[in-house]
Amino acid sequence: ARAAIADRLLVPHLLQALWFRGAMWQGHHMSVLRGLTGANFVSAYHGPTAQAVVRRLDFATAVNEDVRVRIGARLLGKPVRYPESNPGPAPSHFRAGLAAPGNFCAALRQAGIEVG
């Protein structure tokens, strides 16, 4: 009975933590790598099936057009238009340069990790 109560109370929290924290941090990690290198990354955690597809894929030629219009039309059942520019906020000045590879390497060295 005690184990059933623990399962009922703890398992939902564990699943939520795995999904919202684990998956989110993995996405952030991939984003940091892309920001540092300018290249897209695919995680080893995507599993053997995804890895088999990735090995057969030539990323440079996989998608050579903007497919948002077709995806939007498929999802909404009618033509979709996208703005020519992204009307987002101005770039953050207080974060300028923080994602530079030199800063990342310096932080690694400060933590005692050898960087070549």
With sequence neighbours excluded, residues passing salt bridge (charged side-chain N to carboxylate O under 4.0 Å, His left out) with Arg109: none
Shortest non-hydrogen separation from Pro79 to Ala73 and the atoms involved: CA-CB, 4.4 Å
With a 4.5 Å cut-off on side-chain heavy-atom distances among I, L, V, M, F, W and Y, is there a chain of contacts connecting [X] to [Y]?
| X | Y | answer |
| --- | --- | --- |
| Phe104 | Val115 | yes |
| Ile113 | Val32 | yes |
| Leu75 | Val67 | yes |

Point-to-point distance, once rounded to the nearest 0.5 Å, from CD1 of Ile71 to CG of Leu76: 11.5 Å
side-chain hydrogen bond (donor to acceptor under 3.5 Å, both in side chains) against Arg68, all qualifying residues, sequence neighbours excluded: Asp66
Val69: partners by side chain to side chain contact (heavy atoms under 4.5 Å, CB included), with sequence neighbours left out: Tyr82
Contacts of Ala90 that satisfy side chain to side chain contact (heavy atoms under 4.5 Å, CB included) - sequence neighbours left out: none
Pairs satisfying salt bridge (charged side-chain N to carboxylate O under 4.0 Å, His left out), at least one member in residues 72-81, at least two apart: none
